[in-house]
2 protein chains.
Amino acid sequence: MKKQSTVNTTGLCKTRILAIKDTMEILSGKWKFHIIGTLLLGGKMRFMDLLREVDGIAPKMLSKELQDMEINQLVVRTVCNTKPITVEYEITEYGSTLAPIIDEIANWGISYRNALLKKESTVQG
Amino acid sequence: MKKQSTVNTTGLCKTRILAIKDTMEILSGKWKFHIIGTLLLGGKMRFMDLLREVDGIAPKMLSKELQDMEINQLVVRTVCNTKPITVEYEITEYGSTLAPIIDEIANWGISYRNALLKKESTVQG
DNA sequence: GAAACTAGTTACCTCCAGGAAACTAACTCG
DNA sequence: CGAGTTAGTTTCCTGGAGGTAACTAGTTTC
């Protein structure tokens, strides 16, 4: 008999792995976190606003990422009857449930940087 | 005067964006979450154990990902003086601080799936 | 000495995420 | 009519993530 998996074979674990996969797929790509973070801060924002706020993103990518996020019901897209037609993007109530994840990730990153700095200053050489 | 950024320009926000970037870079790639999740459950594990547990991963990728994670001090690698030489990988105390993030992500994924199912069963057509 | 275990490494290939830049299309202003 | 605004779309291109498979190298067992 060959050795077999002993850790990842329970149903609970498979569900977890699947769930992580789901979330990471929805948040995949280079820009989703930035866009969501910006929308969480900025509320309703127009396409050009986002293009200016999300540092470095090209219109193609912004458009694509927003479409993805609209499909996944993380943002709503509203066309406004203004004269040069404008489009508002806003994070949905559902999308805002991602805030805790983003907070955790941001906090971890911050403490990671702090830990690095601490080590550099205490361990010399 | 052109319109300028108004949301993402504060120092606090830049720190957050940087922090998110840091974290996501450290957790980048297809396999980190699986490996960390598996190590969190399994404790000390050898290379071949991980190869068996992490479903679908190739030795090349496992090796590379483990090296990344060792550099970032998320795991420790210990060579054991056993007869066919074995190597143990274990998550560090520091690496285990990622657990809350992984939990959040897993829980979000689970509730996402539940929400999808609920909608499918209530909204007909 | 062949097979099977340990832990990887190396070489080759492929696909696609994402960047750059130009373009569409409707409208306004001078 | 030309320039500038809005919100995108289209085309072309490249780097690198990740897959496959073979190979190294040491040890044990039959």
Side-chain angles (χ1 to χ4, degrees), chain A residues 1-6 17 20-21 24-36 38-39 42 44-72 75-90, chain B residues 1-6 17 20-21 24-36 38-39 42 44-72 75-90:
Chain A
M1 242 215 207
K2 275 199 173 177
K3 268 190 194 174
Q4 295 186 353
S5 286
T6 53
I17 290 173
I20 290 171
K21 219 167 149 187
M24 295 316 291
E25 216 154 285
I26 286 169
L27 297 178
S28 69
K30 194 178 172 182
W31 298 106
K32 298 258 165 57
F33 280 100
H34 294 276
I35 297 172
I36 295 173
T38 304
L39 281 174
K44 283 183 186 174
M45 296 182 73
R46 287 174 303 150
F47 189 83
M48 290 307 283
D49 289 338
L50 283 167
L51 208 52
R52 277 183 285 258
E53 289 290 335
V54 181
D55 194 39
I57 198 170
K60 186 189 80 168
M61 289 310 296
L62 181 56
S63 173
K64 194 208 123 204
E65 299 289 65
L66 285 171
Q67 280 171 27
D68 279 8
M69 292 164 62
E70 201 192 349
I71 288 171
N72 289 321
V75 300
V76 272
R77 178 178 180 276
T78 316
V79 178
C80 305
N81 263 337
T82 51
K83 292 198 269 158
I85 199 170
T86 55
V87 178
E88 274 179 357
Y89 290 94
E90 192 179 14
Chain B
M1 241 215 210
K2 274 199 174 180
K3 268 191 194 174
Q4 294 187 355
S5 286
T6 52
I17 289 173
I20 290 172
K21 218 167 148 187
M24 294 317 291
E25 216 154 284
I26 287 169
L27 297 178
S28 69
K30 194 177 170 181
W31 299 105
K32 299 258 166 56
F33 280 101
H34 294 277
I35 296 172
I36 295 172
T38 304
L39 281 172
K44 284 183 186 173
M45 296 181 73
R46 287 173 303 151
F47 189 83
M48 291 306 282
D49 289 338
L50 283 166
L51 209 51
R52 277 183 285 258
E53 289 290 336
V54 181
D55 194 38
I57 197 169
K60 186 189 80 169
M61 289 310 296
L62 180 56
S63 174
K64 196 208 123 206
E65 298 289 67
L66 285 170
Q67 280 171 26
D68 279 8
M69 291 164 63
E70 200 192 350
I71 289 170
N72 289 321
V75 299
V76 274
R77 178 178 179 277
T78 317
V79 178
C80 304
N81 263 338
T82 51
K83 293 197 269 167
I85 199 170
T86 56
V87 179
E88 275 178 355
Y89 290 94
E90 192 180 12

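What's counted below: heavy atoms across the whole structure, side chains too, no hydrogens, waters or symmetry copies. Protein chains get the first letters and strands the later ones, always in sequence-line order, with residue 1 at the start of each.
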Between its two end axes (five pairs each) the helix from C/dG1-D/dC30 to C/dG30-D/dC1 turns, nearest 10 degrees, through 20°
Atom CG of A/Leu50 and atom C1' of D/dT6 are separated, to the nearest Å, by 14 Å
Atom CG of B/Asp55 and atom P of D/dG18 are separated, to the nearest Å, by 16 Å
Please tabulate the protein-to-nucleotide N/O contacts below 3.5 Å involving nucleotides 23-29 of chain D, giving atom names and distances.
none

Rounded to the nearest 0.5 Å, the CE atom of A/Met45 sits from the CD atom of A/Glu88 at a distance of 11.0 Å
Rounded to whole Å, the CG-C1' distance (A/Leu62 to C/dG19) equals 14 Å
A/Asp49 CG to D/dT5 P, in whole Å, measures 14 Å
Rounded to the nearest 0.5 Å, the NZ atom of A/Lys32 sits from the CE atom of A/Met24 at a distance of 10.5 Å
Whole-Å distance, A/His34 NE2 to C/dG18 C1', equals 14 Å
note: B/Leu51, atom CG; D/dT20, atom C1'; distance rounded to Å ~ 14 Å
If you look at every strand shown and take non-hydrogen atoms under 4.0 Å, does A/Ala58 touch a base, only sugar-phosphate, or nothing?
nothing
B/Met24 CE to C/dG18 P, in whole Å, measures 12 Å
Between the protein and nucleotides 8-12 of chain C, which nitrogen or oxygen pairs are less than 3.5 angstrom apart?
| residue | atom | partner | partner atom | Å |
| --- | --- | --- | --- | --- |
| C/dG8 | OP1 | B/Arg77 | NE | 3.3 |
| C/dG8 | OP1 | B/Arg77 | NH2 | 2.5 |
| C/dG8 | OP2 | B/Tyr89 | OH | 2.7 |
| C/dT9 | OP2 | B/Ser63 | OG | 2.6 |
| C/dT9 | OP2 | B/Gln67 | NE2 | 3.2 |

Side-chain atoms of B/Lys30 come closest, of D/dT6, C/dG18, D/dG19, to D/dG19
In whole angstroms, the gap separating P of D/dG16 from CG of B/Asp68 amounts to 15 Å
- Query: Heavy-atom distance under 4.5 Å between the side chains of B/Leu39 and B/Leu50, does that happen here?
  - Reply: yes
Rounded to the nearest 0.5 angstrom, the CD1-CD distance for B/Ile20 and B/Glu25 is 13.0 Å
| With distance as the sole test, does A/Lys64 use its side chain to make a donor-acceptor pair with the main-chain N or O of A/Lys60 at under 3.5 Å? | no
State, with a plain yes or no, whether a side-chain heavy atom of A/Ile35 is found less than 4.5 Å away from one of A/Ile57. yes
query: Do the non-hydrogen side-chain atoms of A/Leu27 and A/Phe33 ever get within less than 4.5 Å of each other?
result: yes
**Message:** For a 4.5 angstrom cut-off between non-hydrogen side-chain atoms, does B/Asp55 reach B/His34?
**Reply:** no
